[in-house]
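Input: a single structure, listed below in structure tokens.
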Amino acid sequence: MAHERAPWQRTHTCGDLNISNEGEVVVLNGWIENHRDHGQLVFVDLRDRYGVTQVTAHSETEGIVDGALELLQRLGAEDVVSIRGRVRRREGGSNDERATGEIEVLVQAVTVLNEAETPPFEVLDDVEANEELRMRYRYLDLRRRPLQEALIKRSRFTTAVRTYLQDNGFIDIETPILTNSTPEGARDYLVPSRVHPGRFYALPQSPQVLKQICMISGVDRYYQIARCFRDEDLRADRQPEFTQVDLEMSFVEENDVLDLVERTVVHAFKQGFDIDLPTPFPRMSFEEAVARYGSDKPDLRFGMELVDVTQHAAASAFKVFAGAVERGGIVKGICVKGAAGDYSRKKIDALTKHAQEYGAKGLAWAKISEKGVEGSIAKFYEGDAGAELIQLMAAEPGDLLLFGADEAKVVHRALGEVRLKVADDAGLRDPQTFRCCWVLNFPMFEWNEDHQRWQYAHNPFSAPVDWDNTDFEKDPESHRSRAYDFVMNGWELGSGSIRIHRPELQKKVFDFLGISQEEQERNFGYMLEAYKYGGPPHGGIALGVDRMVALALGRQGIRDVIAFPKTTMAVDLMSQAPSAVAPEQLAELQIESKARQDTPEEQVE
RNA sequence: GGGGACGUAGCUCAAUUGGUAGAGUCCCGGACUGUCUAUCCGGUGGUUGCGGGUUCGAUCCCCGUCGUCCUCGCCA
């Protein structure tokens, strides 16, 4: 037997009604967004998740309940109400900006469901109160259309990912949130164990090891939309907890993973955001990406590639160039088309400063005119040398040339960042344009200056490209791994690899990384043991959900696509987490804090 | 751990060379029958984040501190 509905309950949402409902008596529930009071005539915009409907109260309406008009006059922003009335075509002309703009609901009765205090900021789509306030009252901010849109599209997106992977034989497996700390990688969030005093769980930085174990278990195709935790300093695109589409496949090689992921991403971007990603995603090696774009996450929405002029520069009269080459460095340049006029000395200084933030000593520049090379390096580039440089850079009159001369790593980094900055200035990074690519074959290892040792470049489970050459001691830098990154518009959105599935090779990598036998045993013993019982060849990837959604919606950071985000100090301004706990709780865990503010009483002050 | 920006009315911002704070909006009261961020009239509202210093006098200068954001390092 069907439940009887209360009389205040809605018959339609605030986005439902249009001219086809004309004449119907309806009930709407929602929040009062705006309120236009003409005395005997009152307009109220009623909002819910689905839209906004104009509600009109008129004293002479047939059947209007006594006092309804006065009540509506008295109510204000964010009061929650139920409105009963008849749908009719608007008398004052329609509002084309709303789906419901042709009609209005002529009020017969008003029920107050809950009155709201005056909100600390106005809940309007285009009102931007400062972020601190918005996060403190996150529930109010979330009522705004741009935030609701993010939540809705994010949900559609993850649903599309799930559907697609399910249809392709993947099974969703939950892995533990309470797991083990590992010394490598990011700092862990720790959770003390009550039943094992002095011991700690760690929250997972990713389900990496467990998904590989799933492959050993014969799961064959695993996925999970998994929460990951890393206790590192935050950025606009980094939160202490974030979400990944994590997947792993058995008996595969790069092509299998890349093709599957490409299809999944294309499908989910279409379903979630109605965005058509251009396919196929180009593939390039790490080496090529760095050489051409100065970055392992190249933005392919525009060209302006780095041009190698090292050979030419070696013979240059310009000491900065020749000297850099002599010391084993390189010289590269970018050609900014038609920008000579746009860059004053002051703006070039700003670019130089930008380059210096990324380790460059400076930035050499030239403006090209009909007469040849002008600017800081002009006197070294008169006549043939200048003509040659112009030809190498494929420059034309009106172009701006920018050069970096240093060791290769520095030149690539700095010039790569300058390339992005210049493109930003010129509006070449259109947020509505999407260009994806794959970057392949990362180095296995990189030298860590601080710790004076080699460390893994990607993750320690990535297989080497050359299975037959695992003599890592010999020229460590030359070894390439079967790791790949998924990149869109200069953002790294995913990272994965074909894994090492033989325990002896995995041990060899751990050995080379200087992880002791005891550490290997303690942290990865169960994994190495598992492989002994028959681990299939496998590989996978993890895709950053927050970043994908932010990019698709053209948001600057990921905070706006997370319902309840944290600040750069990892604080939740709404709940005030993290907070002090009762002394009894600490005692039970056998924990003493050396910090102040270690009891709730002190924290309040 | 380092660098930078910001902090003034509930909100968004302004305030000359250092001379004791003002606008819009919100809110409150009034008028108003076709608005759509209604309009018009009137009104309330301030420990200038906090603490200290310089000064006859500090929103303004200096030091410290707290918070938010951006960023390098860190982090995949």
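First the proteins, then the strands, lettered A, B, ... as listed; each starts at 1.
Salt bridge D349(A)/K353(A): absent, no basic N to carboxylate O contact under 4.0 Å. Under the 4.0 Å criterion applied to side-chain N and carboxylate O atoms, R154(A) and D546(A) are assigned as salt-bridge partners. The pair E357(A)-R413(A) does not meet the salt-bridge criterion, since no charged nitrogen lies less than 4.0 angstrom from a carboxylate oxygen. Salt-bridge annotation for D560(A) and R134(A): present, with a side-chain N of the basic residue lying under 4.0 Å from a carboxylate O of the acidic one. Under a 4.0 Å N-O distance rule, the pair K566(A)/E241(A) qualifies as a salt bridge.
For C75(B), its base never sits under 3.5 Å from the side chain of R187(A) at any donor and acceptor pair. The base of U33(B) is paired with the side chain of H58(A) by a donor and an acceptor separated by under 3.5 Å. Judged by distance alone with a 3.5 Å cut-off, a donor-acceptor contact links the side chain of E104(A) to the base of G34(B). In the interface, the side chain of Q54(A) is paired with the base of U35(B) through a donor and an acceptor atom under 3.5 Å apart. For R235(A) against G73(B), a side-chain-to-base donor-acceptor contact under 3.5 Å is present. Between the base of C74(B) and the side chain of R238(A) there is a donor-acceptor pair shorter than 3.5 Å. With hydrogens and angles ignored, no donor-acceptor pair under 3.5 angstrom links the side chain of N130(A) to the base of G7(B).
U39(B) and G49(B) are spaced 32 Å apart, taking the P atom of each and rounding to whole Å. The separation of U25(B) from C62(B), taken at their P atoms, amounts to 35 Å, rounded to a whole angstrom. Taking atom P on both nucleotides, G51(B) is separated from C60(B) by 13 Å, rounded to a whole Å. Separation of the P atoms belonging to A58(B) and A21(B) is 12 Å when rounded to the nearest angstrom. Distance check on atom P: A9(B) versus U59(B) gives 14 Å, rounded to whole Å. Nucleotides C13(B) and C32(B) have their P atoms positioned 37 Å apart, rounded to a whole Å. Rounded to whole Å, the P atom of G22(B) lies 13 Å from the corresponding atom of U44(B). G46(B) and A14(B) have their C1' atoms separated by 15 Å, with the value rounded to a whole Å.
When the C1' atom of C27(B) is taken as reference, atom CG of D79(A) falls 13 Å away, rounded to whole Å. To the nearest angstrom, P of A76(B) lies 10 Å from CG of D188(A). Atom C1' of nucleotide G4(B) and atom CD of Q356(A) are separated by 16 Å, given to the nearest angstrom. Residue L493(A) contributes atom CG, which lies 21 Å from atom P of C75(B) at whole-angstrom precision. The CZ atom of R134(A) sits 16 Å away from the C1' atom of C6(B) (whole-angstrom rounding). In this structure, the CG atom of D424(A) is 16 Å from the P atom of C70(B), given to the nearest Å. If you take CG of D126(A) and P of U25(B), they are 15 Å apart, rounded to a whole angstrom. Following rounding to the nearest Å, R47(A) (CZ) and U37(B) (P) show an atom-to-atom distance of 15 Å.
The nucleotide whose nearest atom lies closest to any side-chain atom of F121(A) is, among C11(B), A76(B), G34(B), C11(B). Of the listed nucleotides (C27(B), U33(B), G67(B)), G67(B) has the atom at the smallest distance from the side chain of E132(A). Of the candidate nucleotides C27(B), C69(B), C11(B), C69(B) has the atom lying nearest to any side-chain atom of T567(A). When distances are taken from the side chain of D233(A) to each of G67(B), C26(B), G1(B), the shortest belongs to G1(B). Listed nucleotides U12(B), C72(B), G34(B) differ in distance to T56(A); the shortest reach to its side chain belongs to G34(B). Closest approach to the A236(A) side chain among G73(B), C36(B), C70(B) is made by C70(B) (side chain taken as heavy atoms from C-beta onward). The nucleotide whose nearest atom lies closest to any side-chain atom of E91(A) is, among C74(B), G34(B), A76(B), G34(B). Here the nucleotide nearest the side chain of R98(A), chosen from U35(B), C36(B), C69(B), is C36(B). Between C36(B), U33(B), G10(B), one nucleotide has an atom nearer to the side chain of R36(A) than all others, and that is C36(B).
As judged by a 4.0 angstrom heavy-atom cut-off over every strand, A483(A) is placed among residues making no nucleic acid contact. Across all strands, E131(A) comes closer than 4.0 Å only to sugar-phosphate atoms, never to a base (heavy-atom distances). As judged by a 4.0 angstrom heavy-atom cut-off over every strand, G93(A) is placed among the base-contacting residues. Within 4.0 Å (heavy atoms only), R88(A) reaches at least one base atom of the nucleic acid. At the heavy-atom level, R413(A) lies under 4.0 Å from the strands shown only through sugar-phosphate atoms. Using a 4.0 Å heavy-atom criterion, one finds that L133(A) contacts the sugar-phosphate atoms exclusively. Within the 4.0 angstrom heavy-atom criterion, only backbone atoms of the sugar-phosphate kind lie near R559(A); the bases stay farther away.
Residue side chain F43(A) meets the stacking definition with respect to U35(B): its ring centre sits within less than 5.5 angstrom of the base's six-membered ring centre, and the planes differ by less than 30 degrees.
Shown here, C6(B) forms a base pair with G67(B); the pair counts as Watson-Crick or G-U wobble because both key distances fall under 3.5 Å. Base pairing of G42(B): its partner is C28(B), meeting the Watson-Crick or G-U wobble criterion (both donor-acceptor distances under 3.5 Å).
In this structure, T568(A) reaches the C69(B) phosphate: one of its side-chain N or O atoms is under 4.0 Å from OP1 or OP2. Contact annotation: Q205(A) side-chain N/O to A76(B) OP1/OP2 distance is under 4.0 Å.
Q148(A) places a side-chain N or O within 3.5 Å of a backbone atom of L142(A) that can act as its donor or acceptor partner. Here the side chain of H479(A) pairs no donor or acceptor atom with the backbone of P464(A) at under 3.5 angstrom. In this structure, R89(A) contributes its side chain and I103(A) its backbone to no donor-acceptor pair below 3.5 Å.
Residue P120(A) is the one, among G101(A) and P120(A), whose nearest nucleotide of RNA chain B lies closer to the 5' end (criterion: closest heavy atom). In this structure, H35(A) and L106(A) both approach RNA chain B, and ranking their closest nucleotides by distance from the 5' end singles out L106(A).
Residues Q205(A) and D188(A) have side chains that bring a donor and an acceptor to within less than 3.5 angstrom of each other.
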